[in-house]
Peer 1: 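Take this structure first; my questions come after.
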Amino acid sequence: MAYFAELVVNGALTGLMYSLAALGFVLIYKSAGVPNLAQGAAIMIAGYVVWLLVSFGLPLVVAIILGAGIMFVLGLLTERFLLRRMVGQPVIMIVMLTLGLEILLRGIGPGILGAAPKPLDLGIGLAPLIVGDVFINRAYLVGGVVALAMVASALLFFRTRLGTKLRAVSDDHVSSWAVGISVEKAIGISWGLAGMSAVAAGVLWGSVQGVDWTLSMLLFPAVAVVILGGLDSIWGVLVGGLLVGILGSVIPGYLDSVVGGGTRDVVTSLIILLTIIIRPYGIFGREDIERI
């Protein structure tokens, strides 16, 4: 029973950290209506940026704040020079553009800075937190707390005046233009915010596994989280992350020893496939019905 509880607790915390990776995806989709398949690479680049700043001698807190500013600007530039050129094009072309950007950045980052994992010490410590018979990973616990804070901040943000404008842009670009909302500026801000959320994910995951190209692989569980929870739902990020994390921990915890390992990715793939088949708009996603 203690083993099962340990799998559930650590799986839930891992899922919350997946939510950090998925949050940037949802921020862009909720604001711009664009699926962003470059979020994994953004997390990797964010991790590299903070690691570089720390290696230059900056305090960790300063490096994180400065890294968030840099990633916000990079998000703005991505929208200005890449996404804005795709206005009026089919959505599939925008998806392909973000996928191409993901692949490009995944190669450029390690190519310039090296493929070897870079340590990023947050001072959390390696010793697990022991509660009864359950061993809890301290890094995952801190990551889970940060994820909850980020999700709560996102929920509050979309209740502000700016957040309302971003939601209006996602609903209808033409109507937003008609009432005086700068659609281009709103979409640029959403990409900047996604870059800032990538910093949180990159730093926390980088402290767990090191900063290298594998951080970009967080795109896979992040996609599972947003598909399960709903592409445009902040609450879905939280619930989807918990479900993906728990299922991806409990099932492999019992099956890996039987089949020889590798079932975590199978579980994640099944979550994506079954959600698309049964409930394609996710648990909390909005179902759009159009008259044709």
Peer 1: Under a 4.5 Å cut-off applied to non-hydrogen side-chain atoms, are Leu231 and Val26 in contact?
Peer 2: no
Peer 1: Would you please indicate yes or no on a ring centroid separation below 6.0 angstrom for Trp213 and Tyr48?
Peer 2: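 Ring centres of Trp213 and Tyr48 not closer than 6.0 Å.
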Peer 1: Given side chains that start at C-beta, do those of Leu204 and Leu122 come closer than 4.5 Å, heavy atoms only?
Peer 2: yes
Peer 1: Check whether Arg264 reaches the backbone of Gly248 with its side chain - one donor and one acceptor, N or O, closer than 3.5 Å.
Peer 2: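 Yes; at least one donor-acceptor contact below 3.5 Å.
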Peer 1: Got a donor-acceptor contact below 3.5 angstrom from the Trp205 side chain to the Met17 backbone?
Peer 2: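 Answer holds: yes.
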Peer 1: Find the distance between CG (Leu20) and CG (Leu218) and round it off to the nearest 0.5 Å.
Peer 2: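 It is 10.0 Å, given to the nearest 0.5 Å.
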Peer 1: Within the 4.5 Å heavy-atom criterion, are Arg106 and Met217 side-chain neighbours or not?
Peer 2: yes
Peer 1: List the atom pairs, with distances to 0.1 Å, where a side-chain N or O of residues 138-149 and a protein N or O form a donor-acceptor pair under 3.5 Å, not counting sequence neighbours.
Peer 2:
unit_1, atom_1, unit_2, atom_2, d
Arg138, NE, Ala127, O, 2.6

Peer 1: How long is the gap from CD1 on Ile271 to CD1 on Ile227, to the nearest 0.5 Å?
Peer 2: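 The CD1 atom of Ile227 is 10.5 Å from CD1 of Ile271, to the nearest 0.5 Å.
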Peer 1: Grouping I, L, V, M, F, W and Y whenever their side-chain heavy atoms are under 4.5 Å apart, do Val91 and Leu99 come out in a common cluster?
Peer 2: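 The answer is yes; both residues are in one hydrophobic cluster.
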Peer 1: Between Leu215 and Gly47, what is the shortest heavy-atom contact and its length?
Peer 2: CD1-CA, 4.5 Å
Peer 1: Using side-chain heavy atoms (C-beta onward) and a distance below 4.5 Å, is Leu83 in contact with Ile187?
Peer 2: no
Peer 1: Any donor-acceptor pair under 3.5 Å linking the side-chain atoms of Asn36 with those of Thr98?
Peer 2: no
Peer 1: Nearest 0.5 Å, please: how far is CE in Met196 from CD1 in Ile65?
Peer 2: 9.5 Å
Peer 1: Could you pull out the closest heavy-atom pair between Gln39 and Ala198, with the gap in Å?
Peer 2: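 Looking at all heavy atoms of both residues, the shortest contact is NE2-CB, 3.7 Å.
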Peer 1: Given side chains that start at C-beta, do those of Leu16 and Leu238 come closer than 4.5 Å, heavy atoms only?
Peer 2: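 Side-chain contact under 4.5 Å: yes.
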Peer 1: Report yes or no: do Phe135 and Leu7 belong to one cluster of Ile/Leu/Val/Met/Phe/Trp/Tyr joined by side chain heavy-atom distances under 4.5 Å?
Peer 2: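 Unlinked, Phe135 and Leu7 end up in two clusters.
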Peer 1: Do Ile251 and Val266 sit in the same hydrophobic cluster, where Ile, Leu, Val, Met, Phe, Trp and Tyr count as joined when their side-chain heavy atoms come under 4.5 Å apart?
Peer 2: no
Peer 1: Please name the pair of heavy atoms, one in Val199 and one in Ile64, separated by the smallest distance, quoted to 0.1 Å.
Peer 2: CG1-O, 4.0 Å
Peer 1: Please answer: with hydrophobic residues joined when any side-chain heavy atoms are less than 4.5 Å apart, are Leu155 and Phe157 in the same cluster?
Peer 2: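 Leu155 and Phe157: one cluster.
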Peer 1: Are there more than 12 heavy atoms of other residues, nucleotides or ligands under 6.0 Å from atom OH of Tyr3?
Peer 2: yes
Peer 1: What verdict does the side chain to side chain contact (heavy atoms under 4.5 Å, CB included) test give for Tyr29 and Val226, after you've listed the backbone C-alpha separation in whole Å, the side-chain angles of each residue and the deciding distance to 0.1 Å?
Peer 2: CA-CA 10 Å; Tyr29 193 88; Val226 297; over 6 Å; no
Peer 1: What is the distance from atom CE of Met71 to atom CG of Leu74, rounded to the nearest 0.5 Å?
Peer 2: 5.5 Å
Peer 1: When you measure from the side chain of Ser19 to the backbone N and O of Val237, does any donor-acceptor pair fall under 3.5 Å?
Peer 2: yes
Peer 1: Is Tyr254 linked to Val258 within one hydrophobic cluster, defined over Ile, Leu, Val, Met, Phe, Trp and Tyr using a side-chain heavy-atom separation of less than 4.5 Å?
Peer 2: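 No.
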Peer 1: Using modelled atom types only, decide if a donor and an acceptor are shared between the side chain of Lys30 and the backbone of Phe158 within a distance under 3.5 Å.
Peer 2: no
Peer 1: What do the steps show when you test Leu247 against Leu270 for side chain to side chain contact (heavy atoms under 4.5 Å, CB included), and what is the final call?
Peer 2: CA-CA 11 Å; Leu247 292 174; Leu270 286 175; over 6 Å; no
Peer 1: Which atom pair, heavy atoms only, marks the closest approach of Pro117 to Asp212?
Peer 2: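 Of all heavy-atom pairs spanning Pro117 and Asp212, the closest is CG-OD2, 3.5 Å.
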Peer 1: With a cut-off of 6.0 Å (strictly less than), are more than 12 heavy atoms of other residues, nucleotides or ligands near CZ of Phe72?
Peer 2: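 Atom CZ in Phe72 is crowded, with more than 12 foreign heavy atoms closer than 6.0 Å.
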Peer 1: Quick one: does Asn10's side chain have a donor or acceptor within less than 3.5 Å of a partner on Ser249's backbone?
Peer 2: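 A pair under 3.5 Å: no.
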Peer 1: If we only count heavy atoms from C-beta on, is the Leu76 to Trp191 side-chain gap below 4.5 Å?
Peer 2: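 Of all side-chain heavy-atom pairs linking Trp191 with Leu76, none is under 4.5 Å.
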Peer 1: Give me the atom names and distance for the closest heavy-atom approach of Pro119 to Trp51.
Peer 2: O-CD1, 3.4 Å
Peer 1: Side chains of Ile283 and Leu228: closer than 4.5 Å at any heavy-atom pair?
Peer 2: yes
Peer 1: With the side chain counted from C-beta on, respond yes when Val223 and Pro35 share a heavy-atom pair under 4.5 Å apart, and no when they do not.
Peer 2: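 Not in contact.
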Peer 1: When you measure from the side chain of Thr160 to the backbone N and O of Leu156, does any donor-acceptor pair fall under 3.5 Å?
Peer 2: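 Checking the backbone N and O of Leu156 against the side chain of Thr160, no donor-acceptor pair under 3.5 Å is found.
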Peer 1: Might you point out which heavy atoms bring Leu101 and Ala38 nearest each other, and give the distance in Å?
Peer 2: CD2-CB, 4.0 Å
